[in-house]
Engineer: 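I am attaching a structure below and will ask some questions about it afterwards.
These figures come from a predicted structure and were not determined experimentally.
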2 protein chains.
Amino acid sequence: MLVKSEHAITNADRTFFKLRKDIVEGVIPAGSKLSEMELSTKYEVSRAVIREAINRLATCHLVERKANVGARVVALSPEGLIQLYQVREALEGMAARLAARYMSDDEIADMQALLDSHFDKVKDGHSYYQEAGDVDFHYRIVTGSKNDHLISVLIDGLYHLVRMYRVQLGMAGPRVSTAFDEHRHIVNAIANRDEELAEMLMRRHILYSKNNIEKKLNHG
Amino acid sequence: MLVKSEHAITNADRTFFKLRKDIVEGVIPAGSKLSEMELSTKYEVSRAVIREAINRLATCHLVERKANVGARVVALSPEGLIQLYQVREALEGMAARLAARYMSDDEIADMQALLDSHFDKVKDGHSYYQEAGDVDFHYRIVTGSKNDHLISVLIDGLYHLVRMYRVQLGMAGPRVSTAFDEHRHIVNAIANRDEELAEMLMRRHILYSKNNIEKKLNHG
DNA sequence: TAGCCATATATTGTCGACATTAAATAAGCA
DNA sequence: TGCTTATTTAATGTCGACAATATATGGCTA
């Protein structure tokens, strides 16, 4: 995979991206059935294109498909969210460790600068940048690991599910300044090439996020 | 995904399994090109079926596909092997942690019995069971995590790549008795519900395997 | 001769029609 | 009436043909 949405060359690519967007953002409701015929008329492509798109979505765990029956958008559940964050903790923890090992000094400097600019914006009350900043940060760490498996599983797969939970359960969340502090600490550990600390801090960071979201799920 | 090869109902399923088997076992050489027409005649199915199979293989990272160009079997490289084991360390470490949390007492007892039988066989010199036993053990841990993402990424994805490296680089490896001791320690930690230790031991176990294979790659 | 451009060829991408399967419905029997 | 079974229906699975794209070939110009 690892297809960047910018140079989506084939028609199936574009349809895949559109479908994924609509699922993540709830335009197509979670748990609903995906009819190939219906979608092929709606998105104005042949069934073969829709089928390929659905197959790709299935490998991202955004839809589940049964042979001779059809595909459904995944249902969002507390258990699903917990499982998602368990895997994030493992993978992004390792990503932080590898980023501390493999990122170049320039990449680290860039990431620090990015963090500064994000912090300024959040400090000034631009809450819009909050999630975008979070996403940017995690992307840098993951790509900084230089590990193709980590990159594809997280960026092409899990992150879309994470966004789906965020969007549809409406948790842009507070935890802004504290999260930024945690980001800062992680980057410092990476700059110091302290793999052990980088992994530990990233795992804690994700655990805190999970706890925060769980609290919202239960009390809100 | 999570399609068990036993009840592969559709034709695309069967073709997918056959193709995957031939790639993992080197019948189709690593790095070679996959022609849709050629394969459709060879496996006696239509191109659509082959295309779907190839798409699925691409998400398993067993083949790489380029738009309008075609698909190639992945090339085996030392870097690829290292990246693979980095992800295994993270995911299986977490799997061991979750197994210590979620496996039932019965499941743990079963796993201990399995380990006993495997140990007896290996002790008696049945080297055939060595890899099978290793595979069995790791499967139990992963499924014991009760985490669908872990299960699918590892069992449907990475393990086939691992097997591809093992088969094609011919590393059934020694490390038999030591590996079984490590397995025993991990199971003990799980039986004691010691999540921390279970994860640490599993990570070490996989690190040792990686170092062992790396040594072979360099010196052999 | 070397490099570039146009053509030719072969492969992948896309489509609509047919085959097959699962579910929904209706009929038959106890 | 209630359940089982046959039929219908509507979806997915599969196929072969056509369109679009990339590579290979050949010719032209400097």
Engineer: Please give, in whole Å, the distance from D:dT21 P to A:Asn11 CG?
Structural biologist: 10 Å
Engineer: Is A:Arg65 salt-bridged to A:Glu36, cutoff N-O under 4.0 Å?
Structural biologist: yes
Engineer: Over how many whole Å does the gap from B:Arg47 atom CZ to D:dA20 atom C1' extend?
Structural biologist: 12 Å
Engineer: How many whole angstroms separate atom CG of A:Leu39 from atom C1' of D:dT12?
Structural biologist: 13 Å
Engineer: Reckon A:Arg65 has a side-chain N or O less than 4.0 Å from the OP1 or OP2 of D:dG13?
Structural biologist: yes
Engineer: Do the rings of A:His118 and A:Phe180 sit parallel, tilted or perpendicular, given the 30° and 60° boundaries?
Structural biologist: perpendicular
Engineer: Whether A:Lys42 and A:Glu38 form a salt bridge (side-chain N of Lys/Arg under 4.0 Å from carboxylate O of Asp/Glu) is what I want to check.
Structural biologist: no
Engineer: Report the residues that fulfil side-chain hydrogen bond (donor to acceptor under 3.5 Å, both in side chains) with B:Glu89, sequence neighbours left out, ordered by chain and then residue number.
Structural biologist: B:Arg203
Engineer: Partners of B:Glu107 by salt bridge (charged side-chain N to carboxylate O under 4.0 Å, His left out), sequence neighbours excluded?
Structural biologist: B:Lys146
Engineer: Within this structure, what is the CZ-to-C1' distance between B:Arg14 and D:dG13, rounded to whole angstrom?
Structural biologist: 11 Å
Engineer: Please list, in 5' to 3' order, the outermost nucleotides of DNA chain C lying under 4.0 Å from any heavy atom of chain A.
Structural biologist: C:dG13 to C:dA23
Engineer: For nucleotides 5-10 of chain D, list the nitrogen or oxygen atoms of the protein found under 3.5 Å from its nitrogen or oxygen atoms, one pair per line.
Structural biologist:
none

Engineer: Mind checking what makes side-chain hydrogen bond (donor to acceptor under 3.5 Å, both in side chains) contact with A:Asp105, not counting sequence neighbours?
Structural biologist: A:Arg193
Engineer: Mind checking what makes side-chain contact (heavy atoms from CB on, under 4.5 Å) contact with A:Val45, not counting sequence neighbours?
Structural biologist: A:Asn11, A:Thr15, A:Tyr43, A:Val49, A:Ile50
Engineer: If you assign A:Ala67 and A:Glu44 each to the DNA chain C nucleotide with the nearest heavy atom, which residue ends up on the more 5' nucleotide?
Structural biologist: A:Glu44
Engineer: Can you tell me the distance, in whole Å, between the CD1 atom of A:Ile54 and the C1' atom of D:dA11?
Structural biologist: 12 Å
Engineer: Begin from the C-alpha positions of B:His138 and B:His183 and carry the test ring-ring contact (aromatic ring centres under 6.0 Å, His included) through to its verdict.
Structural biologist: CA-CA 9 Å; B:His138 285 271; B:His183 288 184; 5.4 Å; yes
